[in-house]
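Written out below as structure tokens is the structure these notes cover.
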Amino acid sequence: MSQKALEILNSLYGYDSFRGHQAEIIEHVSAGNNALVLMPTGGGKSLCYQIPSLIRDGVGVIISPLIALMQDQVDAMQQLGVKAAFLNSSLSHSEQNIIEQQLMAGQLDLLYIAPERLIQSYTLDLLERCKLALFAIDEAHCVSQWGHDFRSDYLSLSLLNERFPAIPRIALTATADVRTRKEIVERLSLVDANSYISGFDRPNIRYAIANKTTAKKQLLDFLKQRKSEAGIVYCLSRKKVEDTAAWLTQQGFTALPYHAGLPAQLRQTHQSRFLREDGVIIVATIAFGMGIDKPDVRFVAHLDLPKSIEAYYQETGRAGRDGQPADAWMVYGLQDVVRLQQMAQGSDGSEQFKRAERHKLDAMLGLCEVTSCRRKVLLNYFADNAPEQCGNCDNCQIPPETWDATEAAQKLLSCVYRTGQRFGAVHVMDVLQGKETEKVLQHHHHQLSTFGIGADIHEARWRSVIRQLVVRGLLRVDIEGYSALQLTDLCRPVLKGEQSLFLRIEEIKAPSAKKAGSKSARKAQIQPEDQELWDELRECRKMLSDEFNVPPYVIFHDATLKEMLDTLPTSEAELLTITGVGESKLEKYGGDFLDILRRYAEAS
Ligand code: ADP
Ligand code: ZN
């Protein structure tokens with residue numbers, strides 16, 4: 001039976017071997033068993049239900065909340081020669097009828113269904129009359145009421161066990177801590193299911209987090225090295241989304257805004273341009289992303305801080321699904337920290353809930369402030385093992401310098417204390433630096449012992465100290481009281497000189513990929529002498545993509561084109577050895593690509 005699975009992998013998908021747990025999962029599910037699969041984005045979850053659906057008799061039913069994605073998934077399967085269809089609210093009545101007929105006639109291998117559609121008794125009755133291979137529950141974490149993607153329809157999916165006890169079920173997700181995994185098993189009644197938990201590491205993603213100074217300029221410096229690459233820029237507010245998109249457009253980028261306040265039609269247009277054109281940047285609130293299956297997103301940039309590591313991991317995880325180098329880049333500042341702390345406190349929920357929120361935020365801030373490997377912090381958060389150094393994050397590549405900030409912190413904390421814990425960061429810095437502003441004079445703060453004791457340190461450095469102290473909990477910002485800085489119990493050991501404090505030096509350098517050499521790494525992918533052929537291959541793909549009305553990556557991934565470039569196949573047999581070229585795609589597109597490759601081989 002695993003022979004059969006391998007054969008499908010080779011001839012249909014054009015891949016050589018299974019990855020990670022794929023083979024075990026496919027074997028287990030094909031034999032009629034239940035499974036819970038946790039695999040990072042890009043890990044290859046789809047194959048885990050697609051191949052068993054093909055091996056087993058009957059149709060594989062895939063339940064997914066991502067309606068926008070179904071068309072692409074079905075297109076991609078049809079390109080491989082698999083009989084796939086979907087049922088969701090976007091279909092007309094007659095379209096739906098046709099699919100139901102195909103289903104009843106046993107003509108489908110795969111059927112994608114939205115959960116709200118599946119649980120209708122009409123659909124369930126229909127399915128009861130068909131031969132079913134399996135149920136795959138995609139994005140299974142949506143069943144968790146604690147998570148940010150909760151879908152109430154998912155709760156009803158326990159009925160699958162009741163109505164179809166003999167049909168194997170496989171639940172899949174990319175984000176689930178231990179508690180969520182337990183919840184999935186319980187709520188979906190995954191009796192006797194094997195769990196397959198893969199690591200969380202996304203080795204091709206480079207993580208970089210910098211102190212926010214001039215956010216737009218920092219973003220521009222980052223993007224300048226990534227002209228004509230597709231990426232997502234996340235902002236918190238709709239206004240900032242609009243502003244940033246407009247500004248990037250002025251700077252010569254193709255940048256499109258996306259947020260819940262835009263008309264549905266426009267959102268749709270922007271999304272499909274992002275999917276179908278090369279090099280489009282989407283500037284979005286987090287409303288955008290779930291259901292974006294574009295494999296060649298080369299970067300995810302955050303201009304605002306996500307509120308948890310889970311959110312950060314999920315959002316950055318949209319980069320580099322194809323396994324090629326990709327960047328997760330973020331800038332953040334004191335305001336972000338304060339805003340999120342306020343949100344965690346102000347959210348209406350039980351004390352327990354608030355404490356959990358606060359805890360998650362602290363972990364996120366820890367990731368931002370850490371001076372050692374970021375990947376290690378990220379993976380440890382998910383209880384995953386990690387080496388001390390990954391070599392592919394800013395801290396590994398440019399180890400941050402620290403300085404002994406004990407004395408500076410003492411000065412700052414005393415100054416906060418002397419001014420009565422009633423003033424915000426700006427005023428406290430003015431006093432420290434000995435500036436005789438109107439406010440300073442008005443409150444007689446020029447007469448304080450702490451007036452001017454921090455004149456030797458420039459303002460940017462003070463800002464950085466304040467932020468790092470807030471993040472570490474030595475200072476807090478009183479939102480109700482005009483953002484006044486206040487001392488906490490944690491600052492006592494430092495004030496008393498019992499504890500020294502090392503902080504990162506950050507105002508001088510903002511980690512940029514230029515220094516890290518990742519620019520040369522990514523540019524080195526295509527040699528100048530190959531550029532012409534590369535462009536031609538991409539043009540050919542674009543032409544076929546227009547002809548078949550599917551996104552370019554559904555034709556072939558970048559990695560497949562790259563392999564053509566490197567190995568220059570000139571026969572069908574040679575082309576078939578390339579990863580991502582299966583029999584169906586060879587037949588459909590092989591000729592067009594071979595024409596180009598042969599012409600090129602003859603000329604050189
Ligand atoms: P996920 O759903 O886990 O994010 P996908 O199923 O979309 O990931 O797979 C990510 C990419 O990796 C897809 O392009 C897929 O075709 C490819 N892929 C999956 N399994 C393999 C494999 N065994 N060998 C090569 N490529 C694979
Ligand atoms: Zn690292």
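Worth knowing before you read on, the calculation uses all heavy atoms, side chains too, and leaves out hydrogens, waters and symmetry mates. Residue numbers start at 1 and run along the sequence shown. Note that ligands are numbered from 1 as they come in the structure, with each ligand's atoms numbered from 1 the same way.
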Open item on the list: Taking a cutoff of less than 4.0 Å between a non-hydrogen atom of the residue and any ligand atom, is Met39 in contact with ligand 1?
Closed with: no
Task: Pair Val471-Asp362, side-chain contact (heavy atoms from CB on, under 4.5 Å): steps then yes or no - done: CA-CA 8 Å; Val471 167; Asp362 285 345; over 6 Å; no
Task: Asp304 with Lys212: basic N within carboxylate O range, under 4.0 Å - done: yes
Open item on the list: If I compare all heavy atoms of Ser198 with all of Met39, which pair ends up nearest, and what's the gap?
Closed with: OG-CG, 3.6 Å
Open item on the list: Regarding Tyr154 and Glu139, do their side chains bring together a donor and an acceptor under 3.5 Å, going by distance alone?
Closed with: no
Task: Gln22-ligand 1 polar pair, N/O distance under 3.5 Å - done: yes
Task: Check: Met77 and Tyr112 side chains under 4.5 Å, non-hydrogen atoms - done: yes
Task: Contact check, Gly580 vs ligand 1, heavy-atom distance below 4.0 Å - done: no
Task: Tally of protein N, O or S atoms, where distance to the Zn ion (ligand 2) is under 2.8 Å - done: 4
Task: Part of Pro295 within contact of ligand 1 (heavy atoms, under 4.0 Å) - done: neither
TODO: Look at Asp327 together with Arg298 and state whether they make a salt bridge at an N to O cut-off of under 4.0 Å.
DONE: no
Open item on the list: Does any N or O of ligand 1 fall below 3.5 Å from an N or O anywhere on Gly44, backbone included?
Closed with: yes
- [ ] Below 4.0 angstrom from a heavy atom of Pro40, which ligand 1 atoms are there? Numbered from 1 as shown, please.
- [x] 3 (O)
Task: Residue part near ligand 1, for Tyr15, under 4.0 Å between non-hydrogen atoms - done: side chain
Task: Under 3.5 Å side-chain donor-acceptor pair for Tyr313 and Arg202 - done: no
Task: Side-chain donor-acceptor contact under 3.5 Å, Ser464 with Gln468 - done: yes
TODO: Could you check atom 12 (O) of ligand 1 against the protein and tell me its nearest heavy-atom contact, residue, atom and distance included?
DONE: Arg19 NH1, 3.3 Å
- [ ] Considering the heavy atoms of Phe18, write down every atom of ligand 1 situated less than 4.0 Å from one of them.
- [x] 23 (N)
Open item on the list: Looking at Lys294 and Asp72, is there a salt bridge between them, counting it only when a charged N and a carboxylate O are closer than 4.0 Å?
Closed with: no
Task: Element-labelled atoms of ligand 1 that are located less than 4.0 Å from some non-hydrogen atom of His557 - done: 14 (O)
Task: Ion pair check, Glu401 and Arg504, cut-off under 4.0 Å - done: no
Open item on the list: Which of the numbered atoms in ligand 1 are under 4.0 angstrom from any heavy atom belonging to Ser17?
Closed with: 22 (C), 23 (N), 24 (N)
Open item on the list: Under a plain distance cut-off of 3.5 Å, with no hydrogens placed, do Lys588 and Ser584 share a side-chain donor-acceptor pair?
Closed with: yes
Task: Sub-4.0 Å atoms of ligand 1 with respect to non-hydrogen atoms of Thr41 - done: 4 (O)
Open item on the list: Does any part of the side chain of Phe556, heavy atoms only, come nearer than 4.5 Å to the side chain of Met564, both counted from C-beta?
Closed with: yes
Open item on the list: Could you identify the single nearest non-hydrogen protein atom to atom 6 (O) of ligand 1 and state the distance to 0.1 Å?
Closed with: Ser46 OG, 2.6 Å
Open item on the list: When you compare ligand 1 with Gly42, is there at least one nitrogen or oxygen pair between them that comes in under 3.5 angstrom?
Closed with: yes
Open item on the list: Between Arg541 and Asp592 (salt bridge meaning N to carboxylate O under 4.0 Å), is one present in this structure?
Closed with: no
Task: Atoms in ligand 1 flagged as close to Leu47, the criterion being non-hydrogen separation under 4.0 Å - done: 20 (N)
Task: Per atom 3 (O) of ligand 1, closest listed option by heavy atom (Gln50, Gln73, Arg318, Lys45) - done: Lys45
- [ ] In plain terms, say whether Glu369 and Arg467 are close enough for a salt bridge, that is, a side-chain N and a carboxylate O under 4.0 Å apart.
- [x] yes
